[in-house]
Visitor: 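Here it is, the structure, as structure tokens.
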There are 4 protein chains.
Amino acid sequence: MDFDNNKPIYIQIYDSIRDRILAGDFAPDERIPSVREYGAMVGVNPNTVMRTYEKLTADGVIYTKRGMGYYVSPNAKEVIMENDRKSFMENELPTIVNRMKLLGIDPSVFNDYFEK
Amino acid sequence: MDFDNNKPIYIQIYDSIRDRILAGDFAPDERIPSVREYGAMVGVNPNTVMRTYEKLTADGVIYTKRGMGYYVSPNAKEVIMENDRKSFMENELPTIVNRMKLLGIDPSVFNDYFEK
Amino acid sequence: MDFDNNKPIYIQIYDSIRDRILAGDFAPDERIPSVREYGAMVGVNPNTVMRTYEKLTADGVIYTKRGMGYYVSPNAKEVIMENDRKSFMENELPTIVNRMKLLGIDPSVFNDYFEK
Amino acid sequence: MDFDNNKPIYIQIYDSIRDRILAGDFAPDERIPSVREYGAMVGVNPNTVMRTYEKLTADGVIYTKRGMGYYVSPNAKEVIMENDRKSFMENELPTIVNRMKLLGIDPSVFNDYFEK
DNA sequence: GTGGTCTAGACCACC
DNA sequence: GTGGTCTAGACCACA
């Protein structure tokens, strides 16, 4: 796995695991690789993977069983979708609209683009 | 002025000055506040403002007269609009639409939000 | 049985067995399930149950007959009650009261909660 | 500062800072020592202090200004009190009451103890 | 084996 | 100077 230097590695792993869960690569209650395994796979230090797993746990996307590993939450997909939708509506949408107004771009471009 | 901690302050000032130029707060060839003044206004170290002014100068949005200060370029608005519209239509719009499709968000939210 | 991840599982099993003895689920000199059986029941590795049984044996709450299994001590209830009451009154009660005072919580919450 | 080996150091620092805020050692919007300073003071690695600060930030007890340091939230005291009260009522009270019932301890001990 | 904590040391962007 | 990220390596309790 190769990383973009402008973004923390642990965030990039975070994004990629969320994507893989959404894509169905990891099923609910399935065990995901240990921090050591995953670190070896993508070529980063286990500590860095740990940080990703901590964040995903805080989100409620995965959970941990002591001494056994990390598992995908049963409702992981819903949690991810819900978080993203919320963040889009509350944070991104306002700033996008604001910019479009300043740039004089009409909202109809979205309808047009959607149909393609 | 209050800042978002996830973005460099000098970029946030950069954005805000560009917005103010688009909004007409600063007219072409008008002098903008010195780094010291501006820093005091927004509660920030002059060094940080300096960094903003350097970036705006590199963009061609403002220019400097030695010993006199910084001035808005005659064609500042056009420069900003040109760059931003292009980048918006080519880069941002596609990724936004893509995300919205994944999240199942309807393009009509834009029309709705615009009216507010 | 579902476990709280902040506490070792063998301790949680330990607590639960003590509770069951106090509640009369296990009578004095009655045989308790083998580590294998108990592990299967609660979905845990026999090693983990073993650790619990060792601790209970050290406490004098159960005893072992070689080749036959583990049995509840005749005076198990008394041992548990004795230890716990003392430790509760001397150690826990003072710190609980102290915290409640700091947090401004009235002792009446206990009377209220008891009735439920 | 000397630490209890049974508890993570970063949690012990976390507790101690919360206590100091409640005690008024750190005022609202006051800057707290940098991770390096604090680490040197209590004799731990800055990374460990960082972990404490991250947790306090997640709680809303402190906030960070980029490149400048960490500051006590204006409503830090209220946040701490509220969190503690909630955790007491939801987590501790039920388990305490449960144990008292098993041990046959009457809730009146609290009223008695409070008056001392 | 697993997660979890901690250290020492490094490098970066930002202020 | 500050926070923030990352590595390498260590040690521990737990399963």
Side-chain angles (χ1 to χ4, degrees), chain A residues 3 5-14 31-39 42-55 57 62-71, chain B residues 3 5-14 35 39 42-52 55, chain C residues 3 5-13 35 39 42-52 55, chain D residues 3 5-14 31-40 42-55 57 62-71:
Chain A
F3 296 104
N5 254 323
N6 299 319
K7 237 180 171 179
I9 293 178
Y10 81 96
I11 293 289
Q12 297 181 54
I13 300 177
Y14 170 87
R31 186 173 174 276
I32 61 175
S34 77
V35 290
R36 295 178 235 256
E37 280 169 359
Y38 210 102
V42 299
V44 303
N45 192 288
N47 284 333
T48 305
V49 180
M50 182 66 142
R51 202 156 173 190
T52 301
Y53 283 11
E54 274 170 3
K55 191 167 164 58
T57 305
I62 60 178
Y63 62 91
T64 166
K65 289 200 220 165
R66 300 173 63 98
M68 310 217 46
Y70 282 93
Y71 295 76
Chain B
F3 298 102
N5 256 316
N6 298 318
K7 236 180 171 179
I9 290 181
Y10 83 96
I11 293 287
Q12 297 183 54
I13 299 176
Y14 170 86
V35 292
V42 298
V44 146
N45 193 297
N47 287 332
T48 306
V49 181
M50 190 59 186
R51 204 157 168 183
T52 301
K55 190 166 166 58
Chain C
F3 298 102
N5 257 315
N6 298 318
K7 235 179 172 179
I9 290 180
Y10 82 95
I11 293 288
Q12 298 182 53
I13 299 176
V35 292
V42 298
V44 145
N45 193 298
N47 287 332
T48 307
V49 180
M50 191 57 187
R51 207 157 167 180
T52 302
K55 191 166 164 59
Chain D
F3 297 103
N5 254 323
N6 299 320
K7 236 179 169 180
I9 292 178
Y10 81 95
I11 293 288
Q12 298 181 54
I13 300 177
Y14 170 87
R31 184 172 175 278
I32 61 175
S34 76
V35 289
R36 295 179 234 259
E37 281 169 359
Y38 211 101
V42 298
V44 302
N45 192 288
N47 283 333
T48 305
V49 180
M50 182 64 140
R51 203 157 172 191
T52 301
Y53 284 11
E54 274 170 3
K55 192 166 164 60
T57 306
I62 62 179
Y63 61 91
T64 164
K65 288 201 220 164
R66 299 174 62 97
M68 310 216 48
Y70 282 92
Y71 296 76

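Numbered from 1 within each chain, the chains take letters A, B, ... in sequence-line order.
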Visitor: Could you tell me which non-hydrogen atom of C:N47 sits nearest to which non-hydrogen atom of C:N45, and how far apart they are?
Guide: N-OD1, 2.8 Å
Visitor: Relative to the ring of D:Y71, is the ring of D:Y63 parallel (under 30°), tilted (30 to 60°) or perpendicular (over 60°)?
Guide: parallel
Visitor: To the nearest angstrom, how far is D:N5 atom CG from F:dC12 atom P?
Guide: 10 Å
Visitor: Using 0.5 Å steps for rounding, measure from the OH atom of D:Y70 to the CE atom of D:M50.
Guide: 4.5 Å
Visitor: Where is the tightest heavy-atom contact between A:V49 and A:Y38, given as atom of each residue plus distance?
Guide: CG1-CB, 3.9 Å
Visitor: Mind checking salt bridge (charged side-chain N to carboxylate O under 4.0 Å, His left out) for A:K65 and listing every partner two or more places apart, or none if nothing turns up?
Guide: none
Visitor: Take C:K55 and C:I11 through the side chain to side chain contact (heavy atoms under 4.5 Å, CB included) test and state the conclusion after the steps.
Guide: CA-CA 9 Å; C:K55 191 166 164 59; C:I11 293 288; 3.9 Å; yes
Visitor: Using a cut-off of 4.0 Å between protein heavy atoms and nucleotide atoms, how would you tag nucleotides 3-11 of chain F 5' to 3' with B, S and -?
Guide: BBBBBBB--
Visitor: D:R66 and B:K7: which non-hydrogen atoms are nearest, and at how many Å?
Guide: CD-O, 3.7 Å
Visitor: Counting a pair only when it is Watson-Crick or G-U and both distances are under 3.5 Å, which runs of at least 3 such pairs involve DNA chain E?
Guide: E:1-14 with F:1-14
Visitor: What are the two closest heavy atoms between A:F3 and A:V42, and how far apart are they?
Guide: CE1-O, 3.9 Å
